Amino acid sequence: DGGITQSPKYLFRKEGQNVTLSCEQNLNHDAMYWYRQDPGQGLRLIYYSQIVNDFQKGDIAEGYSVSREKKESFPLTVTSAQKNPTAFYLCASSVDRGDYGYTFGSGTRLTVV
Amino acid sequence: EDKVVQSPLSLVVHEGDTVTLNCSYEVTNFRSLLWYKQEKKAPTFLFMLTSSGIEKKSGRLSSILDKKELFSILNITATQTGDSAIYLCAADFSGTYKYIFGTGTRLKVLA
């Protein structure tokens with residue numbers, strides 16, 4: 001079955017460490033997105049990518065980095081520069097310009113200890 | 001500043017009740033509005049609305065968009081405990097390839 005796979009589901013990080021969250025899709029979708037969800041807040045866009053080898057900053061890109069070397073993969077690195085990284089991270093993909101909405105992964109919950 | 005506002009933030013009802021969730025938006029070059037249901041992890045797609053006044057229905061759920069007044073509502077009739085979830089509204093902006101989400105409405109349906 002087609003879908004989006006995020007891994008790991010839970011991740012613990014010590015302060016000062018970089019961590020990478022994985023996002024893989026087999027839907028043949030062109031566009032991929034990373035959102036962050038905090039309690040009481042909506043989803044906020046971190047980065048998005050419309051095509052391979054191209055990506056754009058979202059509203060809260062500081063302290064994060066991404067790559068898009070393959071159509072199927074869009075990993076997110078949370079760097080030590082991100083001051084408050086504890087959150088729920090959702091990856092999504094869509095056909096072309098998102099005209100049919102997003103398909104979301106199951107998310108990764110990152111906790112800084 | 002573009003924004004999407006949902007109300008109420010939370011709602012507790014009993015099985016069989018009908019609920020109406022609200023979503024208002026202030027955006028430039030509005031193109032479409034989406035509703036999602038988030039139970040535990042991944043939000044699942046409910047509706048996409050692009051035209052004003054045309055109701056979309058799926059079982060007990062229905063939604064409509066008012067582009068003049070800049071809002072949408074999501075109705076759930078004869079609620080069930082399985083409807084308990086966070087309902088997210090998002091607005092898409094032409095040419096930006098991204099959606100702006102509201103804070104969500106947390107619905108709890110009691111047996």
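Chain identifiers are assigned alphabetically (A, B, ...) following the order of the sequence lines, protein sequences preceding nucleic acid strands; residue numbering begins at 1 within each chain. For clarity, every value in this text was computed on a predicted model and none was experimentally measured.
- Heavy-atom contacts from other residues, nucleotides or ligands closer than 6.0 Å to CD of A:Glu62 number 12 or fewer.
- Residues of residues 5-18 of chain B never come within less than 4.5 angstrom of chain A, heavy atom to heavy atom.
- Here the shortest heavy-atom pairing between A:Gly105 and B:Ala42 reads O-CB, 2.9 Å.
- In terms of hydrophobic clustering, with Ile, Leu, Val, Met, Phe, Trp and Tyr side chains grouped at heavy-atom distances under 4.5 Å, A:Ile4 and A:Leu21 are assigned to different clusters.
- Shown here is B:Arg106, whose CZ atom has no more than 12 heavy atoms of other residues, nucleotides or ligands within 6.0 Å.
- Using a 30° and 60° split on the angle between ring planes, A:Tyr102 and B:Tyr36 fall in the tilted class, from 30° to 60°.
- A:Gln37 contributes atom CD, which lies 4.0 Å from atom CD of B:Gln38 (distance to the nearest 0.5 angstrom).
- Put simply, B:Leu34 and A:Tyr48 are part of the same group of oily side chains (I, L, V, M, F, W, Y) that touch within less than 4.5 Å, one to the next.
- Residues B:Phe45 and A:Leu90 are members of one and the same hydrophobic cluster, defined by side-chain heavy-atom contacts under 4.5 angstrom among Ile, Leu, Val, Met, Phe, Trp and Tyr.
- The residue among B:Gly102, B:Ala90, B:Gly104 with the most heavy atom pairs within less than 4.5 Å of chain A is B:Gly102.
- The parts of A:Leu43 that come within reach of chain B are both its backbone and its side chain, each placing non-hydrogen atoms under 4.5 angstrom from that chain.
- Side-chain heavy atoms closer than 4.5 Å link hydrophobic residues (I, L, V, M, F, W, Y) into clusters, and following such links, even through other members, never connects A:Leu27 to A:Met32.
- Of the two parts of A:Asp38, neither the backbone nor the side chain holds a non-hydrogen atom closer than 4.5 Å to a non-hydrogen atom of chain B.
- B:Leu70 and B:Ile100 fall within a single hydrophobic cluster, where Ile, Leu, Val, Met, Phe, Trp and Tyr side chains are chained together by heavy-atom contacts under 4.5 Å.
- With values rounded to the nearest 0.5 angstrom, B:Tyr99 atom OH is found 12.0 Å from A:Leu45 atom CG.
- Going from atom CG of B:Leu88 over to atom CZ of A:Phe104 covers 7.5 Å, rounded to the nearest 0.5 Å.
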